[in-house]
Structure formats: C-alpha cells, structure tokens
Amino acid sequence: MFPSTSPDTGRDPWSGGPPPGPAGPAPGPAGPARGYPPAPRTGPADDDGAARERKGPRRLRKGGPGRRPDDEADEAPEEEVPPVPVRRPLALTVAGFAALLGVGLVLGAQTAGPGHRLPFAFIIFGVQLLFVLAWTMAMRPPALLVVALVSAAAAAIADAAAVQSEIAGLAPLGYAAAAGFVLGVLGQLVRRVDRVRVTDSLGSTLLIVVGVVAFATLIVLSRIPKGTQAITVCLTATGVALLVARLTDAVAPWPRLAPQVPRGAAGVVAGAMLGTLTSAVLGSYLVGFTPTSAALVGLVTAGTAVLADLAVGYAEAGRLMAGEPPTMWVARHMQGPLGGFALAAPAAYAMCVLFL
C-alpha cells in the first residue's frame, strides 16, 4: 500500500532544491535555508559586475582608448574666450591719423621736382622717425635703444642716397637696409642679457629696419617719369582704404575675424574697394593714367596697406595672449597705419615700374 500523503508534503513548492530520489536527497551543495531569500553575494567580482552594469559598455573612439558615458560627463566644459570689445573713439582716432598721414605724404610729393627734392625728403624722414618710435616701442626688441638709433641712421642714409644718387634705383636703399640690419644684430650681441633673446628678435629687427627704409622708395619714385602722379594715385588709395576700414570698424565691426582682434571683415573689404574706386577716379584726371591703369595700381597698394594694418592687429593680439605687458598706447595704435604706408610705398614703385 502506498502512503496517503506524498513525501513532499509540507515543502514549499517554490524551494530551489531538487526532489529527493528513492535513496534520499541527491548529493550536492546545500541550498539556502527554507523560507529565507538567498543572502546577497559580496566580493570583488560582484563589485565589478555592478560597475559594468552601471557604466555600460565602453565606447571606442578614434585615436585613443575607450570611454564610458560617465567619463564624458565628468569632463569640465571648455571656457569660451569673450571677444575683445571694439572701442569706437579709438577706431575714429586711428582713422583720422591714417587720413592725416596720407594727406601729408601726397602734398609732400607735390613739392618734389628736379633739383627740389629735399623738402619731400624731410617729410619722409619725419614719417620714418614716427615709424621707428612706434614699431620699436610696440615690438620691444633686445637693445631697444640701439635698434632705434641704427634704424634712424639707416633711414637718413637711405634718404640721402635716394636724393643724391645719379641713377634712380633701389640698390642704395638695399645696401642701407642690409647695413642697418647687421649693425642692429651686432648691437644686440654686445650685451649678454640681450644676447639670449637675439635669435627670437631677428624678425622684429628686420621688420623695423626694412620698414623704415621702404619709405625712401617714394623719393626714388618721384625721380622717374610719372612718379609723382603714381605717388598721388597710390597714396590716396592707401589713405582712403585705411580711413574707410577704421571707420567701418567703429560703426559695424562685423563679421569678427578673431575674438582677440577688434577688427571686422566688412571694414577690410570696404576699404580696399573704395580705395580702388578713388584711384580709378583720379586716373581719369591725371596725365599718363587711365581709369583702368589707375584702378589696377590702386587695388594693389590699397589691398596691401589694409592687410598690413590687419596683420599688425593680429601681432598685437598674439603678444598679449603670450603674456607680454602692453606697450605704449600711442605707439601701439600708430603702428598699423604706419605699417600700411610703409608696405604700400614699395608696392607703388613696383607697379609704376612694371605696368606704367
């Protein structure tokens, strides 16, 4: 006879153990106590598993190890650099200085004539002294006083050679620039303190010496046919371009070319275009020019001057970002227009010799 009750009577149907066989319970690991849930498991394996469940799979990224979503959340967001504000009174002041500089050079060129080039040479030498003051104070090369004196001497020698040479050419100016650069570097090598920085200042010394000698090309240009008319067209276009560019920056400096440079692309483009238009209008009234030829010459000189002025702004922003202390206020803001006219002078000579 079989018993009326099953041997599993009294056992919970949800217990995890297997039913006993005929010879008793099957051998194996002991299960948890009846009526109690299994105890939580502890250990490093469980912690790793929980971490994997919490963080999820790693993401593969190009050029580096895998990253988890939580790692991206832990990174601090990059701080945006606020743009440098555009000061309207300053832009208007620089525009006025550029206009006065252009008017002075154009009127000085009208005084030049056969046997009467000294007045124009004196005007050029005054502009060169302003260039030396502004650029040496802004760039601050080693042995600043030596570089300034050597540059002024090179300017005087270049002006004298441009007036007194029998043949109007640029060879004497090149010799003066080379001698000034060599003397400036040697003056920096004399002192041990300046000798450490002389390799870093070769570019700045070369820019100062070559820039100050470049103004003497206007004297040479006044000695060749159509030279005075070319000076009038080119320097008028340069002055108008710089004036319009700075006035546009005072009114609408947009779009910003860089957050650290308070200049806009609209001023650069408008200045070059209006400078070219002005030269074309002058070309229709001056002897030896046509509106087309004058527009071509004015486009090159106006575009060169505006880009040089813009490059000076980028250089100043780079010095400030590098942690260098700001230089003299007047010299820093005279640097752009002076650099624009210094680069426009040899460009005017080249255009006059090659295309007129």
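Values below: every heavy atom of this structure, side chains too, minus hydrogens, waters and symmetry copies.
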Would one find more than 12 heavy atoms of other residues, nucleotides or ligands at under 6.0 Å from atom CD1 of Ile167?
no
Residues passing the salt bridge (charged side-chain N to carboxylate O under 4.0 Å, His left out) test with Arg332, sequence neighbours excluded, are Glu316
Applying the side chain to side chain donor-acceptor pair (under 3.5 Å) test to Asp249, which of Arg88, Arg263, Arg87 qualifies?
Arg263
Decide yes or no on side chain to side chain contact (heavy atoms under 4.5 Å, CB included) for Ser279 and Val297, but give the supporting numbers first.
CA-CA 8 Å; Ser279 63; Val297 173; over 6 Å; no
Considering only residues two or more places apart or on different chains, which pairs with a residue in residues 320-356 satisfy ring pair (Phe, Tyr, Trp, His ring centres under 6.0 Å)?
Trp329-His333
Who passes side chain to side chain contact (heavy atoms under 4.5 Å, CB included) against Ala148, sequence neighbours left out?
Val132, Thr136
Quick one: which residue pairs count as a ring pair (Phe, Tyr, Trp, His ring centres under 6.0 Å) with a foot in residues 220-258, not counting sequence neighbours?
none
Could you list the cluster mates of Val269? Members are the ILVMFWY residues connected by side-chain heavy atoms closer than 4.5 Å, either directly or through other members.
Met273
Starting from Val251, walk the hydrophobic network (Ile, Leu, Val, Met, Phe, Trp, Tyr; side-chain heavy atoms closer than 4.5 Å) and list everyone else you reach, by chain and number.
none
Sequence neighbours excluded, which residues qualify as side chain to side chain contact (heavy atoms under 4.5 Å, CB included) partners of Ala216?
Gln128, Ala158, Asp159, Leu173
Can you list the residues that meet the salt bridge (charged side-chain N to carboxylate O under 4.0 Å, His left out) rule with Arg246, with sequence neighbours excluded?
Asp309
Show which residues join Leu145 in its hydrophobic cluster (side-chain heavy-atom contacts under 4.5 Å, direct or indirect), or state none.
Leu149
So among Thr238, Leu343, Val306, which one has a side chain to side chain contact (heavy atoms under 4.5 Å, CB included) with Thr301?
Thr238
Whichever hydrophobic residues join Phe125 through chains of side-chain contacts under 4.5 Å
Leu129
Please, which pairs that meet side-chain hydrogen bond (donor to acceptor under 3.5 Å, both in side chains) have at least one residue in residues 104-125, sequence neighbours excluded?
Gln110-Thr232
Could you note down all residue pairs passing ring pair (Phe, Tyr, Trp, His ring centres under 6.0 Å) where residues 132-189 supplies at least one of them, sequence neighbours left out?
Phe131-Trp135
